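Here is how names work: the chains are called A, B, and so on, in the same order as the sequence lines, proteins then strands, and each is numbered from 1. Note that the structure is predicted; figures quoted are calculated from it, not measured.
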Amino acid sequence: MDSFQDFKLSKQLHYAIEDLGFTTPTEIQAQSFSPVMSGKDLVGIAQTGTGKTFAYMLPLINGLKFSKQIDPRILVIVPTRELVIQVVDEIEKFGKYSSIRVKGVYGGVNINQHKALVMEGADIIVATPGRLYDLLLSRALKPKHIKKLVIDEVDIMLDLGFRFQLTNILELLPAQRQNIMFSATMTDDVEEFITAFFKAPTTISVAVSGTPLDNITQYAYNLPNFHTKINLLKDLLVDTETYTKTLIFVPNKKSADLVYELLYDFFTSEVAVIHSNKTQNYRIRSIEDFNDNKTRILVTTDIMARGLDLENISHVINVDTPRFPENYMHRIGRTGRAEAQGTSILFSTPAEQGFKENIETLMDHTIELLETPETLEISKLLTWEEQPKIIERDNPHTIVEEEKGESFHEKSEKNSKTNQGGSYKRIIKQKYKKARTRGDKTYNKLNKNKGKKPF
DNA sequence: AAAAAAT
């Protein structure tokens, strides 16, 4: 099938496709159309950026008869809240002439709000596992008409912590249903899962590793330690002409806060941060500001690594070298999307060389190694105690809105001054209080993470 | 190994 015209779809869907300017289906869209239409179980092995949502949703929506019933008929489960928001947005776009009612539910939002939302009625529910399970248990969401189930990023969903939630949910769904799943990789866990829950599935596999990376230019630097990585990061990001929109991946939440802090000294409100300990409002704001070009640099954990469609990312910088090569593939896949050209940069310490080799083996491609600039300041290795303390800041643009008159810089100045005089205990106390008043969860874990090294 | 996901 070379054109969407060849798909037997309703007029409404054809209009929507035309509006979106799509003419040629991607490989996965062409391949999954017939199996999904026929009602058979489907297993799709596909990297992100291959048009997955469109691939399963088009035939599913097409088969949906108009109804006003409250209980949903299609359920989509994805691993992060941000993906819920994105998938809902996509479905609304191509379902706009088909009177499709789609609702997204996820944690971090008052559950009564979601109960009310669900009671309004929906054809399609998109959800993260935890909130979905809550809604099912409380009977706010009734599963009996769910005949189509889509699970995205299954390999992640089978990680410990996710998998019990997922299997609990599956037990509550009607046995007679069509199962559709997508996974970037086929692991033993995924295979086991398929045998347990799928009935004679059609398996399609597209985008063998290597091929979707044609429009991403990859570079690497070998650097002695973390602080030298930060120095190089600063030296690179100064070039605002080149680094127009840069996503910076770090290995964990603690280093996300730290790298944000270190970059903030140089780039102030050009930089933002996101990770799962931030409140939902903060997370949404960070992404919105980045999408709207209010910030140029976004520091993130792997929360942003998968599936998200961010516009015009010029660079992806990996401050750490992921020890699992798939993570690298997911991360750099945030750039070079939909024909665009992108650049990725990988930082590796001597200890991380082995991880880099694994990545190169998987891709069957050697990442071009760039010379360390002679002007680069090589840091001595600081101990954890010598690391700069993290000052928790609000999202800059949120502050500007909320604090009338007082600018973000004035406020942060004030904060750092008040913090300098006080005893450690008092500072912690202040931080807890501030964290509570603005609902930031990071400092709830302050003591738990104390002394834990980011690298 | 760390991330995310429920309060």
Check: Is it the case that A/Asn231 and A/Ser379 place a side-chain donor and acceptor less than 3.5 Å from each other?
Finding: yes
Notebook entry, point to check: Contact class for A/Leu160 (heavy atom, under 4.0 Å): base, sugar-phosphate, or nothing?
Noted result: base
Notebook entry, point to check: Which nucleotide sits closest to the side chain of A/Phe162: B/dA1, B/dA4, B/dA6?
Noted result: B/dA4
Checklist line | Side chains of A/Glu326 and A/Thr185, donor plus acceptor under 3.5 Å | finding: no
Checklist line | Aromatic ring pairing A/Tyr221/A/Phe347, orientation class (parallel under 30°, perpendicular over 60°, tilted between) | finding: perpendicular
Checklist line | More than 12 heavy atoms from other groups under 6.0 Å of CZ on A/Phe198 | finding: yes
Margin query: Nearest whole Å is fine: how far is B/dA2 P from A/Arg331 CZ?
Written below: 13 Å
Next item on the list: Just call it for A/Gly161: base, sugar-phosphate, or nothing, with non-hydrogen atoms closer than 4.0 Å on any strand.
Entry: base
Checklist line | Between C1' of B/dA1 and CD1 of A/Ile359, the distance in whole Å | finding: 14 Å
Next item on the list: Measure from the ring centre of A/Phe324 to the centre of the six-membered ring in the base of B/dA1, then say whether that distance is under 5.5 Å and the planes meet at under 30°.
Entry: yes
Check: Closer than 4.0 Å, any side-chain N/O of A/Arg163 to the OP1 or OP2 of B/dA5?
Finding: no
Checklist line | Between C1' of B/dA4 and CG of A/Asn327, the distance in whole Å | finding: 12 Å
Next item on the list: Give the rounded distance in Å between these two atoms: CD1 of A/Ile85 and P of B/dA5.
Entry: 10 Å
Margin query: Output the rounded distance in Å from CD (A/Gln113) to P (B/dT7).
Written below: 12 Å
Notebook entry, point to check: Would A/Asp302 and A/His330 count as having a side-chain donor-acceptor pair, cut-off 3.5 Å?
Noted result: no
Next item on the list: Would you kindly give the CZ-to-C1' distance between A/Phe249 and B/dA1, to the nearest whole Å?
Entry: 17 Å
Note to self: Taking 4.0 Å as the cut-off, does a side-chain nitrogen or oxygen of A/Thr80 come that near to OP1 or OP2 on B/dA5?
What the structure shows: no
Note to self: Rounded to whole Å, how long is the line connecting atom CG of A/Asn168 with atom P of B/dA5?
What the structure shows: 18 Å
Checklist line | Minimum-distance nucleotide to A/Thr128 side chain [options: B/dA1, B/dT7, B/dA5] | finding: B/dA5
Note to self: In whole Å, I'd like the distance from the CG atom of A/Asn112 to the P atom of B/dA6.
What the structure shows: 16 Å
Notebook entry, point to check: Among B/dA2, B/dA1, B/dT7, which is the nearest nucleotide to the side chain of A/Arg81?
Noted result: B/dT7
Next item on the list: Measure from the side-chain heavy atoms of A/Asp134 and tell me the nearest of B/dA5, B/dA2, B/dA6.
Entry: B/dA6
Next item on the list: Using only side-chain N and O atoms of A/Lys253, determine if any of them is under 4.0 Å from OP1 or OP2 of B/dA4.
Entry: yes
